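Some notes on the structure that comes next.
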Amino acid sequence: MSEIQNQSTHWADITADKIIREKGDKALYTCASGITPSGTVHIGNFREIITVELVVRALREKGKNVRFIYSWDDYDVFRKVPKNMPDPEKLEKYLRFPITLVPDTTGRAENYARANEKAVEDILPAVGVFPEYLYQAERYRASYYAEDIKHALEHRDEIRNILNEYRTEPLPESWWPVAVFSSFTNKDTTTVLDWDGEYGITYRDDELGKTETIDIRKTPNTKLPWRIDWPMRWVKEGVDFEPGGKDHLTEGGSYDTSKNVVKVFGGEAPVTMRYDFVQIKGHGGKISSSSGDVVDLYDVLEVYPPEIVRYLFVGTRPSSEFAISFDLDVLKIYEDYDNTERIYFGLMKVNEKKAEKEKRIYELSQIDDKNIPTEPGYQIPFRHLCNYLQIYSGDVEKVLERFPDATESQKERLRVRMKCAWTWLEKYAPEEFKFALRGDGDLYEADDKEKAAIMELADFADKYLDELSEKEFSEYIYQTAKDNEMENADFFRLIYQALIAKDKGPKLASFLKACGRDRVVEILRRY
RNA sequence: GGGCCGCUAGCUCAGCUGGUAGAGCAACAGACUCUUAAUCUGUGGGUCAAAGGUUCGAUCCCUUUGCGGCUCACCA
C-alpha cells in the first residue's frame with residue numbers, strides 16, 4: 001500500500017518522502033516550526049511557517065497523521081528595541097527582560113511578545129496555515145521542563161564538550177547549562193554559581209550583587225540556553241521535521257551542535273532543510289531594517305491575494321533566495337499565477353512534465369486543499385483590471401457590472417484581486433501607471449481646432465465604440481487625427497489630456513472601450 | 001579561518017535523481033502611421049566560469065582553481 005508511486009517532483013513532496021524514509025513508518029509525524037517574537041514577525045519568518053505547512057500538507061496527502069506545531073520562543077531575552085515600536089524610551093527600561101515580561105507599547109496585547117504573536121496568529125488562517133501553538137514562556141515559567149533542565153545539569157560536561165567543538169573560546173569550567181532570570185530584576189544579567197545535584201540552583205544577580213538559591217521545580221526563572229533548549233524540545237515533542245534558516249544550518253551553527261546535544265536527551269535530530277532569506281523589492285523607503293520598518297504578511301496580503309502569496313513560496317525552492325516585489329513586477333507575478341492556473345485547467349498547453357509540475361504548484365498554492373477551484377478565474381489581465389478600477393475610481397462592484405459573464409466564484413475572486421490591485425495602485429504603482437478620469441468642470445484648455453477633433457471622436461464613439469472591435473475602432477482614431485490634420489502623437493496627447501489630464505495613458509482603443517461609450521461621450525462632449 | 005550557495009543567451013533566471021540546452025525581457029525583421037515595461041508573427045544569439053577526472057555519454061557526479069554572495073565561530 002505504500003508502493004504508490006508519487007511522480008511529483010515538487011520539493012514539498014520530495015521532503016515528505018524523505019521524512020518517511022528516514023523516520024520510518026510512524027503513527028504520527030511531528031513537524032515543527034518556531035521563532036522568537038522579539039519584534040514584528042516579518043515575511044522572512046513566514047517562509048519557515050509556510051515551508052513546514054507545505055510539507056505537512058504533502059505528508060497528509062500521503063495518508064499520514066501529522067502534528068504541526070509552532071513554537072513561540074517567548075521566553076527569550078529582549079536584546080534591543082526595534083525601531084518600529086512606539087515609546088522606545090519605555091521599552092528601553094526592559095532590556096534583558098524575557099520578552100514575555102516586556103509591556104506592549106502598541107496597546108494590542110497583554111505583553112510585548114504576545115502582541116507580536118497575536119498579529120501572526122490572526123493572519124495565518126487567511127493563508128491556510130493552522131498550526132498548534134506552543135508557548136515556551138508559559139511552559140518554562142510553569143517549570144514544565146524542570147526534569148529536562150535537571151537532565152542537562154547532570155550532563156554538564158558532556159554538553160559543554162559538544163558546544164566547545166565549534167567555539168573559539170571554550171566554555172569555562174564554571175559554566176552551567178542553564179540560564180536564570182533574576183527574581184530581583186527580571187533580567188538575565190545573572191551568573192549561576194552552583195547546583196546541588198538535585199533541583200537547587202544558586203545564582204548571583206550581577207547588577208545587585210545578591211545571591212539566591214532557587215528550586216527549578218518551583219521557580220519561573222530558569223530556562224535552557226538556545227543550543228540546549230532546541231534539541232531538548234525535539235525530544236520532548238518527538239520532532240521529525242523542522243527547517244532552519246541558513247544561520248542555523250551551517251557548520252558550527254545551532255543545528256550542528258543540537259544534533260549532538262539531542263543524543264544527551266536520548267533522541268535524534270529531525271530531518272531538516274535550509275531555507276534562504278526573502279528579499280523585498282519596490283517597497284519604497286520601507287525596505288531596510290535600519291529604517292525600522294519591516295514588511296510583514298499583512299503588507300504582502302494587501303497587494304497579493306492569499307493564493308498568490310502562497311504561490312510565491314510554493315514555486316520557489318526554499319534554498320533559493322527570492323524577492324517579493326511591490327513594484328511593476330507585481331503585474332508579472334499575477335500573470336505568472338494566471339498562467340499556472342490556465343495550465344491547471346488545461347487552457348494552456350505545455351509539455352507533460354511542465355504541466356505536472358505547474359499543476360502541483362497550483363494545488364499547493366490554494367489555501368484549502370480540499371476546496372480547490374473547479375473553474376479558472378475570470379480571464380482578464382491584471383493590467384487591464386487596474387485600468388477598469390481606475391476608470392471607476394476603485395468601485396469594485398461597478399467594475400464587476402462590466403463582466404456580466406463572470407460566475408459567482410469568479411466574481412468572488414475578482415473582488416479580492418481588485419482590492420489588492422487598488423491598494424497597489426494607491427501605494428506602490430508608478431505615477432505613469434496611474435490616472436483618473438476628469439470630473440465635471442475639470443476641463444483641458446483646448447483650442448478650437450482641438451475641440452473639433454475631440455467632437456469628431458466623440459461622435460464616432462457615440463455611434464460605434466461599443467459595437468466595433470478594438471482594432472476596428474483604432475482605425476477611427478487614426479482617421480480622426482487625419483481628418484483634423486493632426487499628428488498622431490499630438491492627437492493621442494490631446495485625447496489623454498481631455499480624458500485623464502495626462503500626456504500618456506493606457507492603450508487608447510482598449511482604454512476607450514473599457515471606459516464604455518457613455519463615459520467617453522459624456523466627458524468628450526464637454527468640449 | 002570553517003562551511004554553504006551561485007556562476008547557463010545582452011539582462012533576469014528555468015533546467016534536480018547524467019542522454020550534447022529553454023522561458024520572459026532586450027535585439028533584429030515584418031504586421032497597423034502607435035500611446036505606458038502596448039499587441040501579433042518570425043529570426044538570430046550560449047566552448048552551460050576554467051581545467052582535470054568518472055562514464056558509452058557530464059550543465060548535472062568527483063577534484064582543483066577563479067570570481068561573487070551568504071553564514072558560523074557572541075546570543076537567540
Side-chain angles (χ1 to χ4, degrees), chain A residues 7 9-11 14 17-18 34-39 73-80 96 98-99 136 163-171 179 188 223-230 244-258 274-277 279 281 315-323 325 327-333 335-336 339 350-351 353-354 357-358 381 383-384 386-387 390 429-435 469-472 474-475 477-479 481-482 486-497 499-500 502-512:
Chain A
Q7 302 289 349
T9 56
H10 192 273
W11 59 263
I14 289 170
D17 286 336
K18 186 178 175 190
I35 69 150
T36 301
S38 57
D73 297 338
D74 48 13
Y75 211 37
D76 289 348
V77 180
F78 189 49
R79 279 165 208 293
K80 69 175 188 201
R96 312 306 309 185
I99 51 177
Q136 298 307 330
L163 298 184
N164 277 344
E165 249 180 80
Y166 294 102
R167 293 178 65 97
T168 35
E169 293 275 319
L171 292 161
D188 75 334
K223 67 166 299 205
L224 291 172
W226 166 247
R227 285 181 186 240
I228 306 167
D229 172 67
W230 200 25
K246 56 187 175 182
D247 48 340
H248 295 308
L249 293 176
T250 187
E251 181 160 311
S254 53
Y255 183 83
D256 244 18
T257 51
S258 293
R274 182 184 34 233
Y275 57 85
D276 208 310
F277 301 144
Q279 307 286 317
K281 187 161 171 273
T316 313
R317 274 172 310 177
S319 60
S320 304
E321 184 179 292
F322 77 102
S325 300
D327 59 11
L328 229 28
D329 283 357
V330 168
L331 304 186
K332 184 172 161 35
I333 300 300
E335 271 156 39
D336 287 348
N339 275 336
V350 292
N351 69 56
K353 201 174 167 187
K354 168 109 173 158
K357 196 178 162 189
E358 294 292 311
R383 173 186 290 273
H384 207 175
C386 286
N387 288 339
Q390 294 188 92
E431 278 310 311
E432 65 268 23
F433 199 90
K434 297 196 264 190
F435 65 84
S469 71
E470 231 174 88
K471 196 173 172 185
E472 288 165 331
S474 66
E475 302 290 326
I477 298 174
Y478 296 119
Q479 187 59 42
K482 204 171 171 187
M486 292 182 74
E487 290 295 327
N488 285 318
D490 292 336
F491 183 66
F492 278 105
R493 195 180 312 124
L494 171 65
I495 299 303
Y496 286 121
Q497 277 295 344
L499 290 171
I500 59 174
K502 296 180 73 162
D503 284 343
K504 292 175 169 183
K507 198 171 179 185
L508 194 54
S510 66
F511 179 50
L512 293 176

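Just so it is clear: chains get the letters A, B, ... in the order the sequence lines come, proteins before strands, and each one is counted from 1. Atom set for the values below is all heavy atoms of this structure, side chains included, hydrogens, waters and symmetry mates excluded. Computed from a predicted structure; not experimentally measured.
- Between A/Lys246 and A/Thr36, the residue anchored closer to the 5' end of RNA chain B is A/Lys246, taking for each the nucleotide with the nearest heavy atom.
- Taking the C1' atom of each, B/C61 and B/U55 are spaced 10 Å apart, rounded to whole Å.
- Contact check, A/Arg167 against B/G2: no side-chain N or O comes under 4.0 Å of OP1 or OP2.
- Rounded to a whole angstrom, the distance from the C1' atom of B/U63 to that of B/A26 is 39 Å.
- Here, B/C13 and B/C7 have their P atoms 10 Å apart, quoted to the whole Å.
- Not counting sequence neighbours, the partners of A/Arg79 by the side-chain contact (heavy atoms from CB on, under 4.5 Å) test are A/Val77, A/Arg96.
- In this structure A/Phe78 satisfies the ring-ring contact (aromatic ring centres under 6.0 Å, His included) test together with A/Tyr112, sequence neighbours excluded.
- When the P atom is compared between B/C5 and B/U47, the two are found 27 Å apart, to the nearest whole Å.
- The distance between atom CG of A/Asp247 and atom P of B/C74, rounded to the nearest whole Å, is 15 Å.
- Here A/Ile14 pairs with nothing under the side-chain contact (heavy atoms from CB on, under 4.5 Å) rule; sequence neighbours left out.
- Scanning for ring-ring contact (aromatic ring centres under 6.0 Å, His included) contacts around A/Trp226 gives A/Trp230, A/His248, with sequence neighbours left out.
- If you take CG of A/Asp329 and P of B/G24, they are 17 Å apart, rounded to a whole angstrom.
- At whole-Å resolution of the value, NE2 in A/His10 and C1' in B/U17 are 17 Å apart.
- Residue-level contact check: A/Phe492 touches the bases, meaning some heavy atom is under 4.0 Å from a base atom.
- With a 4.5 Å cut-off on side-chain heavy atoms, A/Glu165 and A/Thr257 do not count as touching.
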Sort me out a list of protein N/O and nucleotides 3-9 of chain B N/O pairs below 3.5 Å, or just none if empty.
{"from": "B/C4", "atom 1": "O2'", "to": "A/Arg274", "atom 2": "NH1", "distance (Å)": "3.3"}
{"from": "B/C4", "atom 1": "O2'", "to": "A/Arg274", "atom 2": "NH2", "distance (Å)": "2.7"}

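- Taking CG of A/Leu494 as the reference point, atom CD of A/Gln497 lies at 8.5 Å (rounded to 0.5 Å).
- Under 4.0 Å is where a charged nitrogen must lie from a carboxylate oxygen, and between A/Asp490 and A/Arg493 at least one such pair does.
- Here the P atom of nucleotide B/A76 and the CD1 atom of A/Ile228 are 9 Å apart, to the nearest Å.
- Nucleotides B/G19 and B/A76, compared at atom P, are 47 Å apart to the nearest Å.
- To the nearest angstrom, C1' of B/U39 lies 14 Å from CD1 of A/Ile477.
- Closest non-hydrogen pair, A/Asp276 versus A/Lys246, comes out as OD1-NZ, 3.0 Å.
- In this structure, A/Ile333 places its CD1 atom 14 Å from C1' of B/A23, rounding to the nearest Å.
- Between B/G15 and B/G24, the two C1' atoms lie 15 Å apart (nearest whole Å).
- Taking a pair as Watson-Crick or G-U with both hydrogen-bonding distances under 3.5 Å, the stems of three or more pairs touching RNA chain B are B:1-7 with B:66-72, B:10-13 with B:22-25, B:27-31 with B:39-43, B:49-53 with B:61-65.
- Along RNA chain B, the nucleotide nearest A/Ser320 and the nucleotide nearest A/Leu171 are compared for position; the residue whose nucleotide lies closer to the 5' end is A/Ser320.
- Counting only heavy atoms from C-beta on, A/Phe277 has its side chain closest to B/U71 among B/A76, B/U71, B/C74.
- A straight line from CD of A/Glu165 to P of B/G2 spans 17 Å, rounded to a whole angstrom.
- For A/Leu163 and B/C74, the CG to P distance is 11 Å, given to the nearest whole Å.
- For the side-chain contact (heavy atoms from CB on, under 4.5 Å) test, no residue two or more places apart in sequence or in another chain qualifies with A/Thr250.
- Atom P of B/A51 sits at a distance of 12 Å from the matching atom of B/U59, rounded to the whole Å.
- Rounded to the nearest Å, the gap between the P atom of B/G44 and that of B/U12 is 24 Å.
- Every side-chain contact (heavy atoms from CB on, under 4.5 Å) that A/Leu508 has, sequence neighbours left out, goes to A/Ile477, A/Phe492, A/Ile495, A/Tyr496, A/Phe511, A/Leu512.
- A/Lys507 comes within contact range of at least one nucleobase, with a heavy-atom separation under 4.0 Å.
- For A/Thr36, the side chain to side chain donor-acceptor pair (under 3.5 Å) partners two or more places apart in sequence, or in a different chain, are A/Asp76.
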